[in-house]
Amino acid sequence: MNYFKHFDGLALSILERMQAAGDLPDGIDFSRVSAGSPRDPAHGDVALNAAMVLAKQAGMKPRELATRIAASLAQHEDIESAEVAGPGFINIRAAASFWPARLAEILAAGRDYGASDIGAGRTVNVEYVSANPTGPLHVGHGRGAVFGDALAALLEKAGHTVVREYYVNDAGSQVDTLAQSALLRMREAQGEDIGEIPEGLYPGDYLKAVGIALAKLPDSEQTLDGARTVAVEMMMDSIREDLAAAGIKQDLFSSERALVEAGRVEAAVAALEAKGLVYVGVLEPPKGKLPDDWEARPQTLFRASEFGDDTDRPLKKSDGSWTYFATDIAYHFDKYERGSDTLIDVWGADHGGYVKRVAAAMQALTGKKDTLDVKLCQLVKLMRDGKPVIMSKRAGTFVTLREVIDEVGADVVRFMMLTRKNDAPLEFDLARALEQSRDNPVFYVQYAHARCRSVLRHAEEAGADVSVAGLAAADLGLLNDPEETSLVKQLASWPRMVEQAAEAHEPHRVAFFLQETAAAFHQLWNKGREDTTLRFIQEDAPELTKSRLALVSAVTTVIGSGLAVIGVEAAEEM
RNA sequence: GCACCCAUAGCUCAGCUGGAUAGAGCGCUGCCCUCCGAAGGCAGAGGUCGCAGGUUCGAAUCCUGCUGGGUGCACCA
């Protein structure tokens, strides 16, 4: 249960009753009424803004209205008190039984705790990674991969049906370059001295294996077409291995080539044409510094500027073939027509300039403004002990995702990639990621979980029943220390976190929530060092011990549930 | 020149879609191991939320204009 929504609902039903009784005018807008947490926990458990938001429409003073709402709220069995404070806040204190009930809920739900139905089964398509099949994944791809994967899991937890998709750019000139590079490696494999790899071809050693494979094929398949197929297949295999090593799961690998061959581009452009949004024209030269080879020429254009883009955009190249943009329109339209009403693309920040035109095309085709949400991931700066790791594609020393995973492990990579919001650059320090200290968020969260497990093991050795069923039988009302209640509140806010992070498409919030939860637990733990009556295991008080073990168990549940969204294993021991 | 993103403690960053006295970590100062894991925790110092306006009961958050940084800017993918 999202308990904020619960109290929100209580308030709304009171407001509706007041309206029915004529105490509030009809047609009043309740949509801005919402429950939040009070700045100071001493104020109560939940703060309600209803009176301040509605005062003007109701023609009443905020505090006056608040007093009346509060009086009704205080009647409810879940509410111990409702007090008016400040400019018109209603501070609600939940009934004594409320928090133990949340704890019981956590224990009963297990790892599913936090699941929500706000998605209502609607289908969301999350497209991520989609790296060109021309080489191994690098660290930047890794960020998008983790982000997309965690977002997909988050949306699923919030009740959406999710399609996790990878768009394979297996058509176009980059793949031709790949094929040519592979053919060169084939000649190398056949014993020819190929010397330096010419400028414009891919120099990476990873293509040697492709060359060897090509050399084994019959002559009839040692063509550009054959090389294209083999190279893309082998590159995708290696990418899939990298993804598997990172624990990234994708349901669908869509082929650009297949899309083009199925005539989807013509269909999408025809759909735009039917709306009168395609024409042949000459674009203004770009402002500022002009490309050397710029020349005015007539092109087939899409009226992107009518949908918020800066200029109209070409659909055809000068040789008459489709632009990448045209196939991309077709691809996005295809995803939409396959039944996803929301499309999320996870891109590198270097594609930022491309967002508007795709969004424009989607708006033109669907008539809706917000079907597409593009999440741009900023650069990952790889560090070691505070010093940047030198990355250079030219020198062949660029760091692959695989290398980083091999060094620090997939769990660490996944967590670290979510310690910044997607639109901020991320510094990833390889040394710090393995450090066992407060500095290292992955460790800190894992440590909290391991500590909990350790307590439960100790209790079990001492003969306590730490099974979920055993703990559920505990008298959870015995947990009345403020530190304990505040930890329960933290745990109980997980369902709301899931909903908010899912709505905002921001999986990093889960990583921060986990750190806060871990901190709340470590805090309580250390309280027990100073005040022995606060320790979880009280030998002379088995009932109290049981209820405290239930709390500890709930901590493992919530941390485990959060880590599952990120795709990180919860540690039993460190 | 234009578009998008960013600007919050000395440093690295959160900030619940507009709420009350803006929060963590690192660093600094002083503390806490006879103990279920000190691989942790407590307390203190540290802020004109880049600047200037605007919107309203209320702005770090929304709008406008600046300043400073990042990214990208015919037909490439």
Side-chain angles (χ1 to χ4, degrees), chain A residues 4 32 34 36-40 43 47 49 51-53 55-56 61-62 85-89 91 132 134 169 171-175 177 256 282-291 293-297 299-300 309-311 313-319 321 323-325 327-328 348-356 376 378-379 419-421 423-425 427 435-441 443-444 446-448 450-452 454-459 461-462 493 496-497 500-501 503-504 506 508-509 512-513 515-516 519 522-530 532 535-537 552 573-574:
Chain A
F4 292 93
R32 288 179 59 215
S34 80
S37 39
R39 174 72 57 205
D40 184 349
H43 290 157
N49 67 353
M52 291 178 295
V53 172
K56 194 175 252 179
K61 286 182 181 162
F89 285 103
N91 288 326
N132 290 331
T134 52
N169 295 123
S173 62
Q174 285 197 38
V175 177
T177 307
E256 178 187 355
V282 180
L283 285 177
E284 297 274 305
K287 302 271 195 295
K289 51 185 180 223
L290 217 55
D293 56 346
W294 191 89
E295 58 181 62
R297 58 169 162 258
Q299 289 172 299
T300 303
D309 200 359
D310 310 318
T311 174
R313 302 290 179 178
L315 295 168
K316 275 185 182 175
K317 293 187 234 173
S318 39
D319 66 1
S321 62
T323 58
Y324 182 79
F325 177 48
T327 50
D328 224 15
D350 53 342
H351 290 72
Y354 200 70
V355 175
K356 276 190 180 179
L376 298 175
Q378 290 288 338
L379 290 177
T419 53
R420 289 287 177 277
K421 51 189 170 197
D423 43 20
E427 272 188 19
E435 216 170 82
Q436 304 210 326
S437 75
R438 180 70 172 93
D439 250 359
N440 176 358
F443 166 78
Y444 187 71
Q446 293 279 30
Y447 182 39
R451 254 184 169 174
C452 288
S454 172
V455 173
L456 294 170
R457 278 194 303 269
H458 274 271
E461 281 162 22
S493 66
R496 182 204 200 200
M497 177 57 59
Q500 289 178 331
E503 274 173 356
E506 289 185 352
H508 77 274
R509 294 195 199 185
F512 283 93
F513 171 84
Q515 293 182 66
E516 283 163 21
H522 287 307
Q523 216 171 310
L524 180 60
W525 171 286
N526 276 85
K527 268 281 187 325
R529 302 189 131 271
E530 287 152 23
T532 54
R535 290 189 194 164
F536 302 116
I537 298 173
V552 172
E573 290 176 63
M574 301 305 293

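Just so it is clear: chains get the letters A, B, ... in the order the sequence lines come, proteins before strands, and each one is counted from 1.
- A gap of 15 Å separates the P atoms of B:A45 and B:G25, to the nearest Å.
- The pairing partner recorded for B:U64 is B:A52, the criterion being a Watson-Crick or G-U wobble arrangement whose two distances lie under 3.5 angstrom.
- Residue A:Ser37 is the one, among A:Asn49 and A:Ser37, whose nearest nucleotide of RNA chain B lies closer to the 5' end (criterion: closest heavy atom).
- The distance between atom OH of A:Tyr447 and atom P of B:G25, rounded to the nearest whole Å, is 16 Å.
- Residue contacts for A:Ala462: at a heavy-atom cut-off of 4.0 Å it reaches no nucleic acid atom on any strand shown.
- Glycosidic torsion of B:C6 falls outside 90° of 0, placing the base in anti.
- Between the P atom of B:C11 and the CD atom of A:Glu427 lies a distance of 14 Å, rounded to the nearest Å.
- The glycosidic torsion of B:U29 lies more than 90° away from 0, placing the base in the anti range.
- Here, B:C49 and B:G23 have their P atoms 14 Å apart, quoted to the whole Å.
- Atom-to-atom, CZ of A:Phe4 to C1' of B:G19 comes out at 14 Å; the value is rounded to the nearest Å.
- When side chains are defined from C-beta on, A:Thr327 counts as touching A:Glu256, because their heavy atoms get closer than 4.5 Å.
- With hydrogens and angles ignored, a donor-acceptor pair under 3.5 angstrom links the side chain of A:Arg297 to the base of B:A74.
- Closest to the A:Val455 side chain, of the nucleotides B:C75, B:U56, B:C36, is B:C36.
- Comparing B:U61 with B:C5, their P atoms sit 16 Å apart, to the nearest whole Å.
- Across all non-hydrogen atoms, the minimal contact from A:Gln299 to A:Pro314 is NE2-CB, 3.9 Å.
- The nearest whole Å value for the distance from the CZ atom in A:Arg420 to the P atom in B:C6 is 15 Å.
- Across the strands present, B:U12 finds its partner in B:A24; the criterion is a Watson-Crick or G-U wobble pair with both atom distances under 3.5 angstrom.
- In this structure, CG of A:Leu456 is placed 10 Å from C1' of B:C36, rounded to the nearest angstrom.
- Below the 3.5 angstrom threshold, one finds no donor paired with an acceptor across the side chain of A:Arg438 and the base of B:C26.
- Only the P atoms considered, B:U55 is 27 Å distant from B:U8, to the nearest whole Å.
- Figure legend. B:A43 is base-paired to B:U29; pairs are counted as Watson-Crick or G-U wobble with both atom distances under 3.5 Å.
- In this structure A:Arg313 satisfies the salt bridge (Lys or Arg N to Asp or Glu O under 4.0 Å) test together with A:Asp309, sequence neighbours excluded.
- For A:Lys356, taking side-chain heavy atoms from C-beta onward, the closest of the listed nucleotides B:A74, B:C4, B:G40 is B:C4.
- In terms of position on RNA chain B, the residue among A:Gln174 and A:His458 whose nearest nucleotide sits closer to the 5' end is A:His458.
- Annotation: the span from A:Ser454 atom OG to A:Met574 atom CE amounts to 12.0 Å, rounded to 0.5 Å.
- Rounded to a whole Å, the CG atom of A:Asp350 is 16 Å from the P atom of B:C76.
- Counting only heavy atoms from C-beta outward, the side chains of A:Met497 and A:Glu516 never approach each other to under 4.5 Å.
- Pair assignment for B:U17: none, as no Watson-Crick or G-U wobble contacts are both less than 3.5 Å.
- Within the 4.5 Å cutoff, side-chain heavy atoms of A:Met52 are placed close to those of A:Phe89.
- No side-chain heavy atom of A:Glu284 sits less than 4.5 Å from a side-chain heavy atom of A:Thr311.
- Residue side chain A:Asp439 does not reach the base of B:G25 through any donor-acceptor N/O pair under 3.5 Å, judged by distance alone.
- Regarding contacts with the backbone of B:U56, every side-chain N or O of A:Lys56 stays at 4.0 angstrom or more from both OP1 and OP2.
- Two residues are said to be in side-chain contact when any heavy atoms from C-beta on lie closer than 4.5 Å; A:Phe4 and A:Ser37 meet this criterion.
- As a whole-Å value, the separation of A:Gln515 CD from B:C13 C1' is 10 Å.
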Sugar-phosphate atoms are those with a prime plus P, OP1 and OP2; base atoms are the rest. Using that split, label each nucleotide of nucleotides 58-70 of chain B B, S or - for protein heavy atoms under 4.0 Å, 5' to 3'.
B------------
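- The nucleotide B:C36 finds no pairing partner, because no Watson-Crick or G-U wobble arrangement with both distances shorter than 3.5 Å includes it.
- With both pairing distances under 3.5 Å, B:C2 is matched to B:G72 as a Watson-Crick or G-U wobble pair.
- Between the P atom of B:U71 and the CG atom of A:Leu376 lies a distance of 14 Å, rounded to the nearest Å.
- The shortest heavy-atom contact between A:Arg32 and A:Val53 is CB-CG1, 3.4 Å.
- If you take atom C1' in B:A9 and the same atom in B:C28, they sit 13 Å apart, rounded to whole Å.
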